[in-house]
Amino acid sequence: MNDQYELYCLADRLFYDTLDGRRGDHPDFALVARDVPDGWAHEATDTWMHYAPLATRTPAQGWKIHVSACLEDAEQAMEAVWDYCVPRGIAFKFLRNRPVMTMLNSKAAARGSSGKLVTIYPLDEGQLELTLKELDELLRGVSGPYILSDLRYGEGPLYVRYGGFTPRRCLGGNGELVLAVEDGEGRLVPDARGPAFHLPAWVTLPGFLEPHLAARNAVTTNDLPYTIESVIQFSNGGGVYLGRDLRTDERVVLKEARPHAGLDAADRDAVARLAHERDMLERLAGLDAVPALLDYFTLGDHHFLVQEFVDGNPLQRLLVQRYPLTRAGCDQETIAGYTRWVLDVLPKVRQAVESLHGRGVVFGDLHPNNILLTGEGRLVLIDYEVATLAVDRGRAALAHPAFGAPPDRQGVDVDVYALACLCLGLFAPQLTIMLPLDRAKVVHLAGLVTETFPVPPEVVEEAVRTIMGTAPVTARPIPRLDRDGWPRVREAMCRAIMASATPDREDRLFPGDVAQFQPGGGVNLAYGAAGVLYALAAAGMGRFPEHEDWLRRKALAPGRGTGIGFYDGLHGVAYVLDLLGHRQDALDTVDLCLREKWESLELGLFGGLSGVGLNLLHLGGTTREQTFTDLALQIVDLCADRLGGPDDVPETSGGANPRAGLMYGSSGPALLFLHAYERTGDTSMLDRAAVALRQDLRRCVSGEDGTLQVSQGWRTLPYLDEGSVGIGVVLSRYLAHRDDDDFRAALDGCRRVTEGRYFVQPGLFTGRSGMIAALAAGLGPAPHYPDIDLAEQIRGLSWHALPYGGGLAFPGDQLLRLSMDFATGTAGVLFAMGTALHDRPVFLPFTGPPGGTGALTMALPVHGSAERLRSHEPLKEV
């Protein structure tokens, strides 16, 4: 689970939101309320409070100091830093409240940045040395987690790292913009921020820090009776390693816990949980479902537990391998076979859990990744760090969000609830994560499960009764998602979107993905107001003047750091403003973009040159301004020069490598080249498009079911943003101009991914809605693959449909909260359904049939849509 999503779940039960002290029950640290010192600048974000003296210019980069602290020492440490830095004119920042601090030091937090409570920006190495020396005395007694990215100063809570002070960006090795620093020759290079101390090649370590580096390097594992062979997984609390006992040559598992790191909801650190796990394993010794405890020791303040190595597969891995609905051409026999397997596994899991209950222990963290199945049929439960004693009737301080019991369950009922979620989750993977949004959704999920799988109804009914509990919950109807129900469903989604609107807020108009809290995210096409208004217009829901005025105002006075790309920035906002009839505002917004250093953007469609070039080509066509077209063709040449050849990309996508796909990969430039060809007739543009498409296809692999998907090495992706279906959209457009046997075969493989009957998320960019939009954009079935059913894909959206505001809404990425945005949420679902069901043609920007602009061409009169919606009764039943 991405810790950013968990952090943004704390402020609101239904939507992702910020913890800025003004919303929710999470007040800021007392220091936040202090008056800003005279002569100082101050900026507040959703996580940090920044302070800098106006009289002194803070360098762009250098040695920075980080202060780490436990929760109980946090305010003491921050106040000491304030009282030290303000009189001396040293810039600094600190985390704004306790929940933010806890989440950024949680088990799921990023390992490289975790532990940082305060950051101090010395002007030079002299000030660095003096500040460290004096703060080391002032902070004596303060303890905190080790900051893995930094070099520790002494034995206290101070750490140092060379890096950027102000945000500057350059293209990283994966072709995307990353935070940057200047190297020794004045060139911007990536600012490495990994979970290990790194000294840039052109930087000399100050002499006074050399003893501290030597102390860091002195700790080794050489004297241990174990050797570590590989990493099973890392978390912010420590690592899990596959090792070997040098005395017996037996394979073992070593679990590491870092002191003060990996906090849980009870504010316990990883060391406390590991010691607790040791105690639980001792209590459960001898049970077949429990790995044997072998050893426990400390090394350099880190604690290690050694346990039996169980040679098995996690149930989650087996689920991914076996689940039938994600495969093209899945038949009823395959579904029946999978059902039999699930019905064989579930009693074994229940028996294992009950064996723990027999020893008076509640497992507390039951989910498929904590269940191992061996080839010999043994089932083992792993990870006992949050287990509790049944007599205490407590609750686990950490839990998987799809299996965590509601507050009305304690003791063994926590495990019973998780078993019920497992029963449903093996048929509807991950979807029980939505139940905190509407527990009655379980009734609807159960109906879909029994319609799809030949599972005995009593098995599902028992799970539903367990999940519903004794509290009265009324299941609200979900409308039919098909052509006949489209008018009512469209109205219902629009009603939900309008019910969520917050025009009084400056940061966002409609709640969406956590990305909307990045600079400009509340405005842009992917996550902000522009995308929602675009989807409403595309679906025929008309105009909303109040919300358009909000967008116009924010577009013309963008916040600092707002991007200029198509989906992540102002070019996309300009596109929507022009569509809505605000042409001058659109042109003024583009003018703001052209003042920026757009040449340094990456190549992609989402936030890079391809999206900018396509928008300029579009505006050149609609405004007849040759300047826009000329600039777009200049961007075409720039993309071609930087693209390289067909084999100039690795065979896997993502991570340290450039990503593939429509939004971030080479298909974006390919789409730009195709539009340039359609505008100019220059066939060299088709040659360029072919090179770009071959780059993306190089990163695709074929599955046993005939699908073609993008490979990330450890998984494959079919989705619209960086998966194969987005590539297919561009392949289809290319083949409309020039035939190519290899491309036609690849297009067939891309089409086949839309035969999948199950998608974990409903969204447009990484979910089922993207399949629907791609089918409408020319990715329809081939004659020899006739099974692609657009109507079934639309009906399949009901797996995720939830009631909200008298209407219908959908959860966003991670499924933890509802989203109304275009990329991940309800607006994107509305748009996708409109591509298939609206009475006028609707396409994703720039994907309409060749010869058009790809834009909506419908007239959009202002007809009081908001008032019209308010006059209707809420959605009741369809």
Side-chain angles (χ1 to χ4, degrees), residues 61-70 73 77 81 104-105 109-122 124-164 181 190-224 226-228 231 234-241 243 254-262 269-271 274 297-304:
Q61 64 190 57
W63 286 96
K64 60 179 73 174
I65 300 170
H66 290 120
V67 181
S68 172
C70 299
D73 294 337
V81 170
L104 295 183
N105 194 26
R111 298 171 64 237
S113 59
S114 181
K116 299 172 183 177
L117 172 67
V118 182
T119 305
I120 302 168
Y121 302 98
D124 51 38
E125 291 185 8
Q127 192 174 71
L128 169 74
E129 182 176 10
L130 181 61
T131 301
L132 285 168
K133 179 181 178 181
E134 294 181 340
L135 277 180
D136 188 46
E137 291 293 326
L138 293 172
L139 296 176
R140 192 168 298 276
V142 171
S143 58
Y146 197 105
I147 300 174
L148 296 175
S149 62
D150 289 23
L151 174 62
R152 189 177 190 179
Y153 181 85
E155 299 297 322
L158 298 174
Y159 297 80
V160 295
R161 184 181 80 84
Y162 189 92
V181 291
D191 185 0
R193 298 184 177 212
F197 177 64
H198 169 75
L199 186 66
W202 68 92
V203 176
T204 301
L205 185 74
F208 75 93
L209 290 178
E210 290 178 0
H212 303 277
L213 181 61
R216 172 186 178 275
N217 294 336
V219 178
T220 70
T221 62
N222 295 337
D223 296 329
L224 289 179
Y226 306 99
T227 182
I228 293 175
V231 176
F234 278 125
S235 75
N236 185 43
V240 181
Y241 309 96
L254 296 94
K255 295 188 67 174
E256 172 198 27
R258 301 199 299 122
H260 313 302
D269 68 1
V271 168
L274 193 67
F297 64 89
T298 60
L299 176 68
D301 293 334
H302 289 214
H303 288 230
F304 288 84

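Every value quoted in this text rests on a predicted model; they were computed, and no experiment measured them.
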**Study point:** Option passing side-chain contact (heavy atoms from CB on, under 4.5 Å) with Arg161 (candidates Thr119, Ile65, Asp191)
**Key:** Asp191

**Study point:** Any donor-acceptor N/O pair, Arg258 side chain to Tyr146 backbone, under 3.5 Å
**Key:** yes

Review point. Which of parallel (below 30°), tilted (30 to 60°) and perpendicular (above 60°) describes Tyr241 and Phe234?
Key: perpendicular

Point to revise | For Leu274 against Lys255, the heavy-atom pair lying closest together | key: CD2-O, 3.6 Å

Review point. Looking at Asn236 and Ala261, what are the two nearest heavy atoms and their distance?
Key: O-CB, 3.6 Å

Check your understanding: Going by the angle between their ring planes, with limits at 30° and 60°, are His212 and Tyr153 parallel, tilted or perpendicular?
Key -> parallel

Point to revise | Inter-residue atom distance Tyr159.OH - Lys116.NZ, 0.5 Å rounding | key: 12.0 Å

Practice item. Evaluate the side-chain proximity of His302 to Pro259: yes if any heavy-atom separation is below 4.5 Å, no if none is. Key: yes

Point to revise | CA sep, side-chain torsions, deciding dist, call: Asp136, Lys133, side chain to side chain contact (heavy atoms under 4.5 Å, CB included) | key: CA-CA 5 Å; Asp136 188 46; Lys133 179 181 178 181; 5.9 Å; no

Check your understanding: Hey, are the side chains of Leu254 and Phe297 touching, using non-hydrogen atoms and a 4.5 Å cut-off?
Key -> yes

Review point. For Leu148 and Ser114, what are the C-alpha separation, side-chain angles and deciding distance, and is it a side chain to side chain contact (heavy atoms under 4.5 Å, CB included)?
Key: CA-CA 8 Å; Leu148 296 175; Ser114 181; over 6 Å; no

**Study point:** Pairwise distance CD1(Ile120) to NZ(Lys64) - rounded to 0.5 angstrom
**Key:** 12.0 Å

Exercise for review: For residues Ala270 and Gly237, report the shortest heavy-atom separation together with the two atoms involved.
Suggested key: CB-O, 3.4 Å

Review point. Got Leu151 and Leu205 here, is their nearest side-chain heavy-atom distance under 4.5 Å?
Key: yes

Check your understanding: To the nearest 0.5 Å, how far apart are CG in Leu138 and OG1 in Thr131?
Key -> 10.5 Å

Review point. Any idea how Trp63 and Tyr162 line up, ring-wise: parallel (<30°), tilted (30 to 60°), or perpendicular (>60°)?
Key: perpendicular

Check your understanding: Is the side chain of Asn105 donor-acceptor paired with the backbone N or O of His260 at a distance under 3.5 Å, no angle test?
Key -> yes

Check your understanding: In Å and rounded to the nearest 0.5 Å, what is the CG to CG distance from Leu117 to Asp73?
Key -> 10.0 Å

Exercise for review: Taking the side chain as every heavy atom from C-beta outward, state whether Pro206 and Glu129 have any atom pair closer than 4.5 Å.
Suggested key: no

Practice item. Can you measure from CD (Glu155) to CZ (Arg140) and round to the nearest 0.5 angstrom? Key: 10.5 Å

Exercise for review: Using modelled atom types only, decide if a donor and an acceptor are shared between the side chain of Arg193 and the backbone of Ser149 within a distance under 3.5 Å.
Suggested key: no

